[in-house]
There are 2 protein chains.
Amino acid sequence: MTTLVKDMSSKLARSAFDLFARHGINNVNMDMIAAHSNCTKGSLYWHYDTKKTVILAACDLYYRNWEEQMRHELANVKDPVKRLKKAVHFSIRHCMVDSKNRVFTLGIMGLALYDEDIKKSWAGFYDMVREFLIVLVNEAKKTGRVKVEDARRVVDLMLVAFEGIKLRTIIEPDFDISAEEKAIYNGLMEVLKCSE
Amino acid sequence: MTTLVKDMSSKLARSAFDLFARHGINNVNMDMIAAHSNCTKGSLYWHYDTKKTVILAACDLYYRNWEEQMRHELANVKDPVKRLKKAVHFSIRHCMVDSKNRVFTLGIMGLALYDEDIKKSWAGFYDMVREFLIVLVNEAKKTGRVKVEDARRVVDLMLVAFEGIKLRTIIEPDFDISAEEKAIYNGLMEVLKCSE
DNA sequence: CCTTTACCATACCAAGCAGTATGGTGTCAC
DNA sequence: GTGACACCATACTGCTTGGTATGGTAAAGG
């Protein structure tokens, strides 16, 4: 029986993202995505040419979600130093502590090793995040309360440490990332030359 | 025609490592490994039960190689601060700048996402490296020339930044890691509170 | 000398899964 | 009312690749 759904593409992408984030991208097949979306594999292929296009749609969903929530976090924050701190806090909570987002993005990194399109997709998001944080660091620097010579350099270092901490959760199951949130925040802020 | 080889297991592991390091682990199949080793797939399976056991053997080879070369690097270095510096320098050259080792270990990280045995193998190596560096930092601290409160904390941060920099090479093809070697070294030494 | 090990050449299997086919119905827009 | 779109149920294909089978020979060890 036909079930017409408005914005079916988005619904499928969201459904796919949920499964990818819960089980790991490589443990999810197209049959599972169709079943989880309450439609048939034929319908899924009506909207998406390949599994890769589904993965890329899930990526876009993730990027959009990050932007939207980051904008919301900083909406009523005027002070540049506070904005920077809140941005880092949010990133830790959203991309690291949130296990679904963490599992998804680690899976994307794994795929980026072998697939050019997925690599470019992630690189685009990574660049966007970096430029965004560089702007925040430069604004904080203008206040005189943050002593940073090269905003780009400290943001780069902070971001690689950030991704490295996510990797660490793969190999250390006992690494309680929620409990370590404050220590992680302090470590990353120190890298940004912005410690209390 | 039979070709008997001494220490065939090691030869196969080394051959496999070479292919994994050159093409990426997921792009290498058992037929390729047999061909590259100048033997048949039947022979390969005589020595190794599964592809996974081949990968784990290649890991052990990598770990052994790291230990051996690190020991060699520090053989005639007595000064604790010099030993720490040399260790970090060597790690950058061996695990990051060396593209084969970098490709191999990134591939292992990708597999560790989904396979418990590979995860444990890598975790074991990671722990060994960490404990080793903590000892070096503590010895350097004793000289009074390195101001570190918590050796474990700074080594952890340095290691996650290290792994994060490797990830960055996946998404930034123009990131010339050899050219950046000095900047990377300086950044990591700063994290270790050991900058010049 | 006999048994076991260590290989060989070659074919084969299985299994999973991405992706396609097909004949259909319901919905929507004009 | 008609054509295009958006789905359906179900079967099917292809294909890659890990892993196995089989009957063999050469080398090694006792």
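Chain letters run A, B, ... following the sequence lines, proteins first and then strands; every chain starts at 1. Computed from a predicted model, the values in this text were never measured in an experiment.
- Among the nucleotides D:dC8, D:dG18, C:dC17, the one closest to the side chain of A:Thr40 is D:dC8.
- Atoms NZ (B:Lys52) and C1' (D:dG19) sit 15 Å apart, rounded to a whole Å.
- Summarising the geometry, the separation between CE on B:Met8 and P on D:dA26 is reported as 18 Å, rounded to the nearest angstrom.
- When the P atom of C:dA18 is taken as reference, atom CD1 of A:Ile25 falls 13 Å away, rounded to whole Å.
- Within the 4.0 angstrom heavy-atom criterion, no nucleotide atom of any strand lies near A:Asn26.
- Both A:Gly42 and A:Met30 sit near DNA chain C, but only A:Met30 has its closest nucleotide nearer the 5' end.
- Side-chain proximity of B:Tyr45 to C:dA6, D:dG19, C:dA9: nearest is D:dG19.
- The nearest heavy atom of DNA chain C to B:Lys41 and to A:Asp31 marks one nucleotide each, and the one closer to the 5' end goes with B:Lys41.
- Side-chain contact check for B:Tyr63 and B:Ser121: at least one donor-acceptor pair (N or O, by modelled atom type) lies under 3.5 Å.
- Distance from the side chain of A:Lys51 is smallest for C:dG19 among the nucleotides C:dC8, C:dG19, D:dC7.
- In this structure, A:Asp98 does not pair ionically with A:Arg93, as no charged nitrogen and carboxylate oxygen lie closer than 4.0 Å.
- When rounded to the nearest whole Å, the span between CG of A:Leu44 and P of D:dA6 equals 15 Å.
- Spacing between atom CG of B:Asn29 and atom P of D:dC15 amounts to 16 Å, rounded to whole angstrom units.
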Practice prompt. Determine, stepwise, if the pair B:Tyr62 / B:His94 fulfils ring-ring contact (aromatic ring centres under 6.0 Å, His included).
Written response: CA-CA 11 Å; B:Tyr62 173 81; B:His94 181 269; 5.7 Å; yes

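- Between the CH2 atom of A:Trp46 and the P atom of C:dG26 there is a distance of 17 Å, given to the nearest Å.
- The side-chain heavy atoms of A:Lys11 and A:Asp7, taken from C-beta on, include no pair separated by under 4.5 Å.
- Going from atom NE2 of A:His47 over to atom C1' of C:dT20 covers 17 Å, rounded to whole Å.
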